[in-house]
Each structure stands twice: as structure tokens, then as C-alpha cells.
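Here is the structure we will look at, set down as C-alpha cells.
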Amino acid sequence: MSSQDTMQNMRTVEQMRKAELAQIHIAKLQLALEDDAYRDILRQVTGKASSKDLSWQERKVLLDHFKKIGFKPRVRSGGRAKPDVATDREKQIKKIEAQLSTAGRPWEYADKLAQRICKVERIEWCDHSALASIIAALSYDADRRAKKIANL
């Protein structure tokens with residue numbers, strides 16, 4: 001195996017690690033776990049205090065546990081891919097991705113919000129303040145849906 005192949009494999013492993021950690025945090029949001037409850041589960045299931053310290057086996061065990069208690073990972077259904085944005089807006093896009101996932105909404109929903117809020121066709125064309133407005137709108141929507149469920 002060449003050093004180039006080794007570097008490619010290392011990147012792939014790191015990408016998988018990041019994707020699994022993202023799934024863990026999406027599960028935390030979807031299950032509406034407070035930080036203390038999340039950390040208790042993390043310690044009970046893996047013996048570790050932070051998800052960044054988990055091996056790939058421990059990440060799998062934790063995700064399987066979250067699925068047993070109600071986490072439903074979203075399966076991509078032909079929708080468009082996550083927007084590719086500059087590094088300075090990546091954190092906001094990740095927050096929006098988590099909110100969309102929790103609500104079971106596709107990226108096209110975020111594009112529609114971008115059209116309404118900042119008058120651009122796609123979310124990746126929004127600036128920081130517009131992305132903050134979209135995050136606020138998605139938070140409001142999540143709160144509204146939670147209240148509706150609580151009243152049932």
C-alpha cells in the first residue's frame with residue numbers, strides 16, 4: 001500500500017468518525033436529551049464521558065442504544081446534498097442540518113426558508129445574519145411542534 005493510499009484511508013476513517021459523531025449529536029437532539037441525561041447514557045453504555053473519546057465500536061454501540069430508545073436516523077430519499085459553504089458559515093449550516101434532521105425535513109425546506117427570509121434561491125447563498133434568522137425560524141417551528149404534541 002502506498003503512502004497516498006494510506007493517507008486516503010486515514011481521511012476516509014476520519015470522515016466516518018465525524019459522520020458518526022454527527023449522528024450521535026443528531027440523536028441527542030431528536031431524543032430531546034438534556035446534557036446531563038445524555039452524559040449519563042454515554043457513561044452507562046460506553047464508560048466514557050465524551051463522545052469524542054469513543055472508538056468506532058463504542059460509537060456503533062451508542063448509536064444502536066439510541067435507536068432502541070427511539071432515535072430514527074433519517075435515510076436520504078433522493079433529496080439534494082448538504083450545501084457546500086465557506087468555513088466561516090459551516091457551523092451554522094451544521095446547526096441547520098441538525099434542526100432539519102430532527103424535524104424530518106429535507107434541505108429543500110431550508111431553501112424555501114432562504115427564499116422567504118433573504119430572497120435568495122438556495123441556503124448556501126445566505127450570509128451569517130440570514131442563516132441566524134433561518135436557525136431562529138427552525139427553532140420556533142420545533143417549539144411550536146413540541147407544544148402541539150404536548151397538547152395532544
Side-chain angles (χ1 to χ4, degrees), residues 1 3 5-114 123-124 126 128-152:
M1 183 181 285
S3 63
D5 290 338
T6 303
M7 288 300 293
Q8 181 63 35
N9 287 341
M10 286 173 53
R11 269 187 250 135
T12 303
V13 168
E14 183 60 20
Q15 289 169 340
M16 288 176 61
R17 178 183 171 277
K18 286 181 179 180
E20 290 166 350
L21 289 173
Q23 280 285 294
I24 288 168
H25 291 284
I26 290 168
K28 176 185 170 190
L29 287 171
Q30 191 182 99
L31 296 169
L33 296 173
E34 297 287 331
D35 197 55
D36 290 341
Y38 164 74
R39 298 227 179 259
D40 287 343
I41 290 171
L42 188 58
R43 278 188 207 91
Q44 289 170 0
V45 173
T46 68
K48 304 265 175 83
S50 173
S51 61
K52 71 179 171 77
D53 298 329
L54 300 177
S55 68
W56 69 267
Q57 297 97 333
E58 291 166 328
R59 290 190 299 270
K60 182 181 180 337
V61 168
L62 183 61
L63 284 168
D64 288 344
H65 177 77
F66 284 148
K67 289 173 189 171
K68 286 178 188 170
I69 62 171
F71 172 53
K72 292 183 177 34
R74 187 170 151 247
V75 178
R76 187 170 282 281
S77 59
R80 79 178 192 85
K82 178 181 172 182
D84 187 23
V85 297
T87 307
D88 64 328
R89 291 179 288 146
E90 202 168 283
K91 195 171 188 178
Q92 289 175 300
I93 290 293
K94 285 181 181 179
K95 172 70 174 173
I96 291 168
E97 179 179 30
Q99 289 175 306
L100 291 171
S101 178
T102 300
R105 299 187 193 277
W107 278 107
E108 290 82 2
Y109 186 83
D111 288 335
K112 292 294 182 188
L113 287 174
I123 192 167
E124 52 260 60
C126 293
H128 286 285
S129 64
L131 290 174
S133 296
I134 290 169
I135 290 168
L138 288 168
S139 294
Y140 178 81
D141 180 56
D143 290 345
R144 185 174 46 85
R145 284 184 292 108
K147 287 178 186 172
K148 188 176 184 180
I149 289 169
N151 290 331
L152 291 179

>> Check this for me: Glu34, atom CD, are more than 12 non-hydrogen atoms of other residues, nucleotides or ligands nearer than 6.0 Å?
In response: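 Open.
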
> Are there more than 12 heavy atoms of other residues, nucleotides or ligands under 6.0 Å from atom NZ of Lys48?
Replying inline: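 Yes, NZ of Lys48 has more than 12 neighbouring heavy atoms, counting only those of other groups under 6.0 Å.
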
> Angle class for the Phe71/Phe66 ring planes (parallel below 30°, perpendicular above 60°, tilted otherwise)?
Replying inline: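 Rings of Phe71 and Phe66: perpendicular, over 60°.
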
> Going through the distances and angles, do Arg43 and Asp40 end up as a salt bridge (charged side-chain N to carboxylate O under 4.0 Å, His left out)?
Replying inline: CA-CA 5 Å; Arg43 278 188 207 91; Asp40 287 343; 3.7 Å; yes

> Can you check side chain to side chain contact (heavy atoms under 4.5 Å, CB included) on Gln99 and Ser139, steps first, answer last?
Replying inline: CA-CA 8 Å; Gln99 289 175 306; Ser139 294; 2.9 Å; yes

> Got a sec, which residues hit salt bridge (Lys or Arg N to Asp or Glu O under 4.0 Å) with Glu124, two or more places apart in sequence or on another chain?
Replying inline: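 By the salt bridge (Lys or Arg N to Asp or Glu O under 4.0 Å) rule, Glu124 matches Arg80, Arg122.
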
> What residues form a side-chain hydrogen bond (donor to acceptor under 3.5 Å, both in side chains) with Asp84, not counting sequence neighbours?
Replying inline: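 Checked Asp84 against side-chain hydrogen bond (donor to acceptor under 3.5 Å, both in side chains); zero matches.
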
Which heavy-atom pair separates [X] from [Y] by the least distance, and what is that distance?
{"X": "Ile123", "Y": "Pro83", "result": "CG2-CG, 3.5 Å"}
{"X": "Gly70", "Y": "Leu31", "result": "C-CD2, 3.7 Å"}
{"X": "Ile134", "Y": "Cys126", "result": "CD1-SG, 4.0 Å"}
{"X": "Tyr38", "Y": "Lys28", "result": "CG-CD, 3.7 Å"}
{"X": "Ser51", "Y": "His25", "result": "OG-NE2, 3.2 Å"}

Could you give the distance from [atom1] ([X]) to [atom2] ([Y]), rounded to the nearest 0.5 Å?
{"X": "Ile24", "Y": "Leu29", "atom1": "CD1", "atom2": "CG", "value": "12.5 Å"}
{"X": "Glu108", "Y": "Leu100", "atom1": "CD", "atom2": "CG", "value": "10.0 Å"}
{"X": "Leu21", "Y": "Arg59", "atom1": "CG", "atom2": "CZ", "value": "5.5 Å"}
{"X": "Lys91", "Y": "Ile96", "atom1": "NZ", "atom2": "CD1", "value": "13.5 Å"}
{"X": "Leu113", "Y": "Leu131", "atom1": "CG", "atom2": "CG", "value": "11.0 Å"}
{"X": "Thr87", "Y": "Ile93", "atom1": "OG1", "atom2": "CD1", "value": "12.0 Å"}

Residues [X], [Y]: salt bridge by 4.0 Å N-O rule:
{"X": "Arg17", "Y": "Glu20", "value": "no"}
{"X": "Asp64", "Y": "Lys68", "value": "no"}
{"X": "Arg144", "Y": "Asp141", "value": "yes"}

> Pro73 versus Lys67: any side-chain heavy-atom pair under 4.5 Å?
Replying inline: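 Side-chain contact under 4.5 Å: yes.
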
>> Given 3.5 Å as the limit, does a donor-acceptor pair link the side chain of Arg89 with the main chain of His128, or not?
In response: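 Here the side-chain-to-backbone pair does not exist.
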
>> Quick check on side-chain contact (heavy atoms from CB on, under 4.5 Å): which of Leu42, Thr46, Ile41 does His65 satisfy it with?
In response: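 Output: one option passes, namely Ile41.
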
> Applying the side-chain contact (heavy atoms from CB on, under 4.5 Å) test to Glu58, which of Val61, Leu54, Leu62 qualifies?
Replying inline: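 With Glu58 as partner, Val61, Leu54, Leu62 yield a single side-chain contact (heavy atoms from CB on, under 4.5 Å), made by Leu54.
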
>> List the residues meeting side-chain contact (heavy atoms from CB on, under 4.5 Å) with Ala103, not counting sequence neighbours, and say none if there are none.
In response: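 By the side-chain contact (heavy atoms from CB on, under 4.5 Å) rule, Ala103 matches Arg105, Arg145.
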
